[in-house]
Amino acid sequence: MMKLALSQPPFSGTLLMLVVSILLLWEKAASIPACMVEEGDCWDPLQETFNSAIQRAETLCNLADQLYVEFYQNQFSSRQFADLNSKLIKRDETVLKAGIYCHSTLAKPQTRGGNFEIEEHLKMLINFVGSWISPLFHLVIELSAMEGVPETILCKVKDLEENNRQLLDDLRWILTKVSPTAEIKEEFPSWEHLSFLKSSNKNNKFLAMFNLSNCLDNDTKFTLHHLRIFKCLITGKDC
C-alpha cells in the first residue's frame with residue numbers, strides 16, 4: 001500500500017476531494033469480487049467491461065474521423081460540404097451554429113467548484129453518450145433512403161450507431177457495479193438538426209450531416225479520454 005510521508009506538503013482542496021473520491025470508490029470496489037476464476041484464469045468483470053468500453057470508444061473515434069474525411073472527399077457530399085465550409089468561414093449564422101454548436105454539450109460532464117465526483121460524472125457521461133442514440137439512428141434511416149449514398153458512408157454510419165449503443169450499455173453496467181445504489185435519470189438532449197435531416201430539402205439534409213460530423217468527431221475523442229481516466233481511478237489499471 002502506498003504511504004504518504006508526513007513531510008509532504010498539504011493537499012489543495014481540489015486534490016483532497018479527488019483523493020477522497022478515489023478512496024470511496026476503492027471502498028465500494030472492495031465489495032465487488034476482485035476476479036472470477038474461468039478456466040484457470042482470473043477474470044475481472046469490471047476491468048473487462050472497461051476494456052470493452054474503451055475499445056468501442058476507440059472504434060467510434062476512428063469511424064467518426066473517417067466519416068468526417070469522407071464527407072469532404074466523397075463525390076456524394078464533397079461539393080455540399082465545401083460550400084458549407086465556405087459559408088462557415090464567412091460566418092453565415094445558420095451554418096456557423098451548425099458548425100460549432102453541439103446538442104451533446106448540454107450533457108457534457110463538468111467539474112463544478114473544483115470537485116470531481118466520479119459517480120456523478122459517470123451519470124453525465126451516460127447521458128452524453130446517450131445523446132447520440134437518436135441522431136445516429138435517424139441518420140442510418142435517412143441515408144438508407146437517399147439515392148446515391150456510397151456503401152462506404154452507410155456502413156460507417158451503421159457501425160457508429162451500433163458501437164454507440166453498445167458503449168452506452170457498457171457504461172450503464174459499470175455504474176451499477178461502481179455504485180450499486182445509484183439512481184440515474186437518463187435525459188438525452190434532443191438534436192435540433194433532426195428536422196433538417198428529415199427535410200425533403202437536400203441542402204437541409206447536408207447541413208444536418210455537417211453538424212453531426214463536426215460534433216461527433218470531437219465528442220468521441222472526449223468520451224475516450226474520460227473513459228481512460230475513469231478506468232484508472234476506479235480500477236487502478238493503465239494509469
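Only a predicted model underlies this, so the values are computations on that prediction, with no experimental measurement involved. Side chains are part of it too, since the values below use all heavy atoms of this structure and drop only hydrogens, waters and symmetry mates.
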May I have the step-by-step check of side-chain contact (heavy atoms from CB on, under 4.5 Å) for Tyr101 and Glu192, ending in yes or no? CA-CA 10 Å; Tyr101 176 75; Glu192 65 180 65; 3.7 Å; yes
Test Lys198 against Glu142 for salt bridge (Lys or Arg N to Asp or Glu O under 4.0 Å), laying out the working first. CA-CA 7 Å; Lys198 289 183 166 185; Glu142 293 300 322; over 6 Å; no
May I have the step-by-step check of salt bridge (Lys or Arg N to Asp or Glu O under 4.0 Å) for Lys156 and Glu151, ending in yes or no? CA-CA 8 Å; Lys156 287 183 180 67; Glu151 191 64 25; over 6 Å; no
Go through the steps to decide whether Leu136 and Leu216 satisfy the test side-chain contact (heavy atoms from CB on, under 4.5 Å), and finish with yes or no. CA-CA 10 Å; Leu136 290 171; Leu216 192 60; 4.0 Å; yes
Show the numbers, then the answer: is there a side-chain contact (heavy atoms from CB on, under 4.5 Å) between Leu122 and Ile234? CA-CA 11 Å; Leu122 268 174; Ile234 294 171; 4.1 Å; yes
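In this structure, CD1 in Ile126 is found 12.5 Å from OG in Ser131, a value given to the nearest 0.5 Å. To the nearest 0.5 Å, the span separating CD1 on Ile153 from NZ on Lys158 amounts to 13.0 Å. Going from atom CD of Gln47 over to atom NZ of Lys237 covers 5.5 Å, rounded to the nearest 0.5 Å. Distance check, rounded to the nearest 0.5 Å: OG of Ser190 to NE2 of His103 gives 8.0 Å. Leu84 CG to Leu96 CG: the interatomic distance, rounded to the nearest 0.5 Å, is 12.0 Å. The line from CZ of Arg172 to CG of Leu167 is 10.5 Å long, rounded to the nearest 0.5 Å.
Contact record, Ala98 with Asn211: O-ND2, 2.9 Å, taken as the closest heavy-atom pair.
Side chains of Asp170 and Thr49: no donor on one and acceptor on the other come within 3.5 Å. There is a side-chain donor-acceptor pair under 3.5 Å between Lys231 and Asn51.
Clustering ILVMFWY residues whenever any of their side-chain heavy atoms sit less than 4.5 angstrom apart, transitively, puts Ile141 in a cluster other than the one holding Leu212. By the criterion of side-chain heavy atoms lying less than 4.5 angstrom apart, applied directly or through intervening Ile, Leu, Val, Met, Phe, Trp or Tyr residues, Tyr68 is not grouped with Ile89; the two fall into different hydrophobic clusters.
The closest donor-acceptor contact from the side chain of Asn218 to the backbone of Asn214 lies under 3.5 Å. Distance alone, capped at 3.5 Å, places no donor-acceptor pair between the Asn204 side chain and the Phe196 backbone. Judged by distance alone, the side chain of Asn74 and the main-chain N or O of Ser77 form no donor-acceptor pair under 3.5 Å. Judged purely by atom type and a 3.5 angstrom limit, Thr223 uses its side chain to pair as donor or acceptor with the backbone of Asp219. Between the side chain of Ser199 and the main chain of Asn201, a donor-acceptor pair closer than 3.5 Å is present. The closest donor-acceptor contact from the side chain of Ser52 to the backbone of Glu48 lies at 3.5 Å or more, if one exists at all.
Residues Phe210 and Phe206 place their aromatic rings such that the two centres sit no closer than 6.0 Å. The ring of Phe222 has its center closer than 6.0 angstrom to the ring center of Phe128.
For the side-chain contact (heavy atoms from CB on, under 4.5 Å) criterion with Lys123, the lone passing option out of Leu171, Ile118, Leu175 is Leu175.
Under the 4.5 Å side-chain criterion, counting only non-hydrogen atoms from C-beta, Glu58 is in contact with Arg228. By the 4.5 Å heavy-atom criterion applied to side chains, Trp191 and Leu197 are counted as neighbours. No side-chain heavy atom of Pro135 sits under 4.5 Å from any side-chain heavy atom of His193. Annotation: side chain of Gln73 is not in contact with side chain of Ser78 (no heavy-atom distance under 4.5 Å). A 4.5 Å side-chain heavy-atom check between Leu160 and Leu139 finds every atom pair outside the cut-off. Using a 4.5 Å cut-off on side-chain heavy atoms (C-beta onward), Leu46 and Trp173 make contact. Contact of the Glu162 side chain with the Arg56 side chain is not registered, since no non-hydrogen atoms from C-beta on lie closer than 4.5 Å. Taking the side chain as every heavy atom from C-beta outward, Phe137 and Arg165 approach each other to under 4.5 Å.
Under a cut-off of 6.0 angstrom, the local environment of NZ in Lys87 is sparse, with at most 12 non-hydrogen atoms contributed by other residues, nucleotides or ligands. With a 6.0 Å radius and a threshold of 12 heavy atoms from other residues, nucleotides or ligands, Gln66 has its CD atom above the threshold.
Within the structure, disulfide (SG to SG under 2.5 Å) pairs that include any residue of residues 132-198 do not occur (at least two apart or interchain).
The aromatic rings of Phe71 and Phe81 lie parallel to each other, with less than 30° between the two planes, well short of the 60° mark. Using cut-offs of 30° and 60° for the angle between ring planes, the His226 and His121 rings count as parallel.
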